[in-house]
Amino acid sequence: MATGPFDRLVDAARSGFDAADHKPLLEAWQGLSLAQLRADLIERLLAAGIDEAADEARFLISHVLAPVPLAQALADPALFSWQQAEAVAALAWRRLQRVPLSQVLGSQPFWTLDLAVTPDVLTPRADTETLVEAVLAETGSGAARLVDLGTGSGAILLALLSERPAWTGLGVDLSDAALAVATGNAVRCGLANRARFLRGRWGAGLAGGSVDILVSNPPYIVSDVLAGLEPEVRDHEPALALDGGADGLDAYRDIIADLPRLLVPGGLFAFEIGHDQGEAVSALAREAGLVGVAVKPDLAGLDRVVIGRR
Ligand code: GLN
């Protein structure tokens with residue numbers, strides 16, 4: 001029956017809709033209590049290869065119940081409606097396709113902030129708080145111009161501005177879509193008056209000697225390794241924010257080459273790095289004439305930050 005181009009279009013749209021649809025969950029959950037539904041969801045998350053299934057089920061259900069606490073809804077069936085079950089099914093269905101939890105919920109906590117997250121930005125990771133801590137430990141409360149190269153969601157820039165009221169910040173990114181997310185996050189965090197954003201390739205658009213503190217979490221995954229990452233990262237996070245080239249160091253080479261020009265004398269830089277890149281990135285920094293170069297570990301004891309000064 002479906003023969004013409006219009007019919008084919010409708011069929012394609014319908015099968016796309018069916019694939020994304022959460023009907024299978026909804027049918028399985030018909031008539032279940034919230035406790036049974038939660039148990040079933042945990043089982044399905046585990047079967048889909050998601051390890052923190054109990055926590056994730058709690059996040060997904062709580063997102064729909066809010067502001068009612070999960071424990072209260074578990075105790076009182078009247079607090080969990082059929083419409084809410086449908087909303088949980090819609091979220092859970094996406095998560096079961098290995099869409100990152102942050103993208104399913106639309107936000108992710110980072111430092112003391114709650115940041116909007118879309119597929120256009122890297123989800124802020126707890127590891128990256130090591131970079132924020134390292135910069136805070138090296139700086140005082142005086143005025144400073146902060147630049148974040150490859151700002152993505154704006155996580156690092158906004159966390160630092162939230163801790164240093166006298167600083168102003170500039171977030172640079174190659175992606176317009178990422179800049180839109182970061183700009184929205186600056187407003188969301190009440191920091192828009194001190195945060196500006198600029199489209200550009202690393203520091204190319206910035207004037208020499210215009211930066212007191214430069215931070216970056218650039219793409220640092222070795223290109224060949226990308227395909228082996230978990231589906232959440234590989235299929236749903238932007239390759240632009242992850243792919244560091246053949247040896248993972250492309251972005252560091254570009255940025256470090258420009259640091260002596262960008263930083264004021266004595267200016268601070270800090271990069272997030274992969275756990276096995278401490279030596280290589282430190283060497284690049286020293287070769288560029290930067291001083292006081294040091295590697296800092298994250299909470300797991302893995303090398304995570306390279307810091308130094310001009
Ligand atoms: N830490 C991230 C990951 O392993 C990578 C971040 C980056 O390339 N800057 O997924």
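All values below come from the heavy atoms of this structure, side chains included, with hydrogens, waters and symmetry mates left out. Quantities reported herein were computed from a predicted structural model and do not represent experimental measurements. First listed ligand is number 1; within each ligand, the first listed atom is number 1.
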among protein heavy atoms, the one nearest atom 10 (O) of ligand 1 is Arg125 NH2, 2.9 Å

Run the contact test for Asp127 against ligand 1 with a 4.0 Å cut-off on heavy atoms, strictly below, and give the result. no

Heavy atom of the protein closest to atom 4 (O) of ligand 1 (residue, atom name, distance): Ile221 CD1, 3.8 Å

Charged N-O contact under 4.0 Å between Glu272 and Lys296: no

For Pro218, atoms of ligand 1 separated by under 4.0 Å from a heavy atom: 7 (C), 8 (O), 9 (N)

Name the one of Val64, Val99, Leu101, Leu41 that satisfies side chain to side chain contact (heavy atoms under 4.5 Å, CB included) with Leu91? Val64

Short list, please: which atoms of ligand 1 are under 4.0 Å from a heavy atom of Ala241? 7 (C), 8 (O), 9 (N)

CD (Glu279) with more than 12 external heavy atoms under 6.0 Å: no

Side chain, backbone, both or neither: the part of Glu237 lying under 4.0 Å from ligand 1 by heavy atom: neither

Got a donor-acceptor contact below 3.5 angstrom from the Arg194 side chain to the Leu161 backbone? yes

Are Leu242 and Leu149 grouped together when hydrophobic residues (ILVMFWY) are joined by side-chain heavy atoms under 4.5 angstrom apart? yes

Decide whether an N or O pair under 3.5 Å exists between Leu122 and ligand 1. no

Any donor and acceptor pair, going by atom type alone, linking the side chain of Arg310 with main-chain N or O of Leu263 inside 3.5 Å? yes

Of the protein's non-hydrogen atoms, which lies at the shortest distance from atom 1 (N) of ligand 1, and what is that distance? Tyr220 OH, 3.0 Å

Does an N or O from Asn217, backbone or side chain, lie closer than 3.5 Å to an N or O of ligand 1? yes

Ion pair present between Asp247 and Arg253, side-chain N to carboxylate O less than 4.0 angstrom? yes

